[in-house]
There are 2 protein chains.
Amino acid sequence: MTSVQGARARARIEVTAAIKDEARRQLAAEGAAKLSLRAVARELGMVSSALYRYFPSRDDLLTALIVDAYDSVGADAEAALAASRGADAPARWVAVCRAVRAWALAHPHEYALIYGSPVPGYSAPRDTVGPASRVGLTFITIAQDAHRRGSVALPPLADELRPEAARLADEFAPDLPPALVVALVAAWSQLFGMVSFEVFGQFNRMVENRDAFFTAAVRRLAHDTGLIVRPAP
Amino acid sequence: MTSVQGARARARIEVTAAIKDEARRQLAAEGAAKLSLRAVARELGMVSSALYRYFPSRDDLLTALIVDAYDSVGADAEAALAASRGADAPARWVAVCRAVRAWALAHPHEYALIYGSPVPGYSAPRDTVGPASRVGLTFITIAQDAHRRGSVALPPLADELRPEAARLADEFAPDLPPALVVALVAAWSQLFGMVSFEVFGQFNRMVENRDAFFTAAVRRLAHDTGLIVRPAP
DNA sequence: CGATTTTGAGAGCACTGCTCTTGTTTCGGC
DNA sequence: GCCGAAACAAGAGCAGTGCTCTCAAAATCG
């Protein structure tokens with residue numbers, strides 16, 4: 001297929017990767033606001049206009065970095081999920097949450113890029129929705145496994161939320177009870193609230209033992225979602 | 001005091017206010033990234049260098065806007081708290097949470113400024129910590145009232161979190177049980193997780209009936225914190 | 001080989017934050 | 001009322017930005 005596609009195509013993907021690497025380096029060093037196309041080109045020994053052959057605009061470069069960042073957290077979350085195979089549902093939930101937090105603390109600027117304020121004129125392009133959902137799918141997988149094994153205690157569901165819950169479940173996990181799905185979405189967003197507060201410094205001079213705080217809170221989140229410990233028969 | 005302080009000082013605070021107003025307008029229209037000192041000056045009919053007499057740098061202007069934004073949400077939250085006087089604790093919690101969310105949806109760019117990724121070289125200046133804590137203090141007030149009336153069911157507290165909880169309570173609300181304080185901090189950050197996801201578009205093409213979803217989730221947050229309904233004797 | 005597409009290089013445009021210098025206006029003490 | 005000091009507006013200018021355009025070199029394909 002595209003394997004032996006001439007030196008040209010090969011060079012192109014190499015240069016594209018080099019640009020993204022250097023951009024990621026600047027992102028980690030200075031943040032998205034200070035990411036400069038000219039500086040990236042300069043560091044790579046090319047002229048700024050040449051860079052536009054690879055990314056039609058600065059925002060497109062950022063979009064590429066966004067996709068990569070989503071894939072990076074997503075991969076870490078999935079790895080944590082795989083590594084926790086066999087554990088009970090709450091433990092797996094906590095493991096994935098801790099993986100997400102660890103990734104965020106290790107890549108604060110990339111985290112800010114995807115879970116902070118939308119940087120450009122915003123409106124995320126279509127390419128991002130796939131990678132963006134990988135973490136969420138991890139949680140759904142945990143819930144599905146737990147539900148299959150009967151280790152779910154259905155959380156309460158407010159009456160006025162019932163239609164929304166049914167729609168949500170139908171769209172994302174038809175095999176799961178609606179109450180579980182909406183609880184999952186809530187816990188998902190709440191998890192990122194805690195991670196964002198920590199990464200963005202809102203816990204400064206307040207929470208000290210963040211590891212213990214986070215773990216306890218996230219365990220409670222699992223409980224709220226309905227995930228319970230139930231040893232295999 | 002500083003009341004009749006000459007036309008000079010008077011003009012200064014007027015110009016300062018005009019600059020902030022115009023900056024806020026541009027902020028709402030285009031976002032923090034595109035806020036331009038020159039454009040603000042242009043719109044105000046002055047030259048860009050003159051603006052530096054009022055704000056020594058662009059970041060200082062942004063800091064001023066940040067403080068104002070914190071005060072704005074804080075005021076709304078406090079108003080909601082005052083308006084809910086007499087209601088039971090969970091109802092008051094929900095009322096304040098809804099006020100915060102409403103403010104965020106009405107001022108998305110200002111919300112992004114204070115609860116999104118830190119924009120400048122970050123590290124919030126000292127002036128911001130006072131206004132920034134107003135919303136949190138609102139929640140502490142609710143908890144204190146509830147605790148005084150006995151309408152709190154203490155949430156569980158993990159052993160490894162006990163020292164942290166004691167320290168936290170001692171620093172922020174010595175009259176409250178430590179378990180309640182850490183639960184409060186967790187719920188506080190989780191609340192902003194949901195608001196951020198809604199404002200930043202993470203719920204797009206997913207949650208439709210966001211009002212019902214948010215209210216139900218936030219009610220559960222109150223329950224997690226230990227706030228319970230208990231009619232006055 | 002020749003024609004075509006892809007790439008790099010350079011100049012240039014309009015814009016940004018910010019500094020410095022030059023006059024002008026306002027203020028407080030005599 | 002006068003006069004030095006402080007505050008101020010204005011303009012020019014610097015270094016940097018994203019992005020467009022043109023033009024030559026290089027790789028690709030018929």
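Below, chain A is the first sequence line, B the second, and so on; all start at residue 1.
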Identify every side-chain donor-acceptor pair in residues 35-43 of chain B under 3.5 Å, counting partners at least two apart or on other chains, and give the distances.
| residue | atom | partner | partner atom | Å |
| --- | --- | --- | --- | --- |
| Ser36(B) | OG | Arg38(B) | N | 3.3 |
| Ser36(B) | OG | Ala39(B) | N | 3.0 |

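- For Asp60(B), the side-chain hydrogen bond (donor to acceptor under 3.5 Å, both in side chains) partners are Ser57(B), not counting sequence neighbours.
- For dG16(D), its base never sits under 3.5 Å from the side chain of Arg38(A) at any donor and acceptor pair.
- To the nearest 0.5 Å, atoms OG1 (Thr16(A)) and OH (Tyr54(A)) are separated by 6.5 Å.
- With values rounded to the nearest 0.5 angstrom, Leu51(B) atom CG is found 12.5 Å from Arg58(B) atom CZ.
- Following rounding to the nearest Å, Ile13(B) (CD1) and dC8(D) (P) show an atom-to-atom distance of 12 Å.
- Counting only heavy atoms from C-beta on, Arg42(B) has its side chain closest to dT16(C) among dT16(C), dC19(D), dT17(D).
- Counting to the nearest Å, the P atom of dT17(D) and the CD atom of Glu30(A) are 11 Å from each other.
- Using a 4.0 Å cutoff on non-hydrogen atoms, the parts of residues 44-54 of chain B near DNA chain D are Met46(B), Val47(B), Ser49(B), Ala50(B), Arg53(B), Tyr54(B), ordered by number.
- The CG-C1' distance, from Asp60(B) to dG17(C), rounds to 13 Å in whole Å.
- As a whole-Å value, the separation of Asp59(B) CG from dT16(C) C1' is 13 Å.
- Contact annotation: Arg12(A) side-chain N/O to dA27(D) OP1/OP2 distance is not under 4.0 Å.
- Taking Phe213(B) as the reference, Phe203(B) meet the ring pair (Phe, Tyr, Trp, His ring centres under 6.0 Å) condition, with sequence neighbours excluded.
- Within the 4.0 angstrom heavy-atom criterion, only backbone atoms of the sugar-phosphate kind lie near Leu35(B); the bases stay farther away.
- Remark: P of dT16(C) and NZ of Lys34(B) are 11 Å apart, rounded to the nearest angstrom.
- As rounded to whole Å, 22 Å separates atom P of dA14(C) from atom CZ of Arg58(A).
- Whole-Å rounding puts the Glu43(A) CD to dG16(D) P distance at 14 Å.
- Ile19(A) has its CD1 atom 12 Å from the C1' atom of dG8(C), to the nearest Å.
- Among residues two or more places apart in sequence or in another chain, the side-chain hydrogen bond (donor to acceptor under 3.5 Å, both in side chains) test is passed with Glu164(B) by Arg167(B).
- Remark: Asp145(A) engages Arg92(A), Arg148(A) in a salt bridge (charged side-chain N to carboxylate O under 4.0 Å, His left out) (not counting sequence neighbours).
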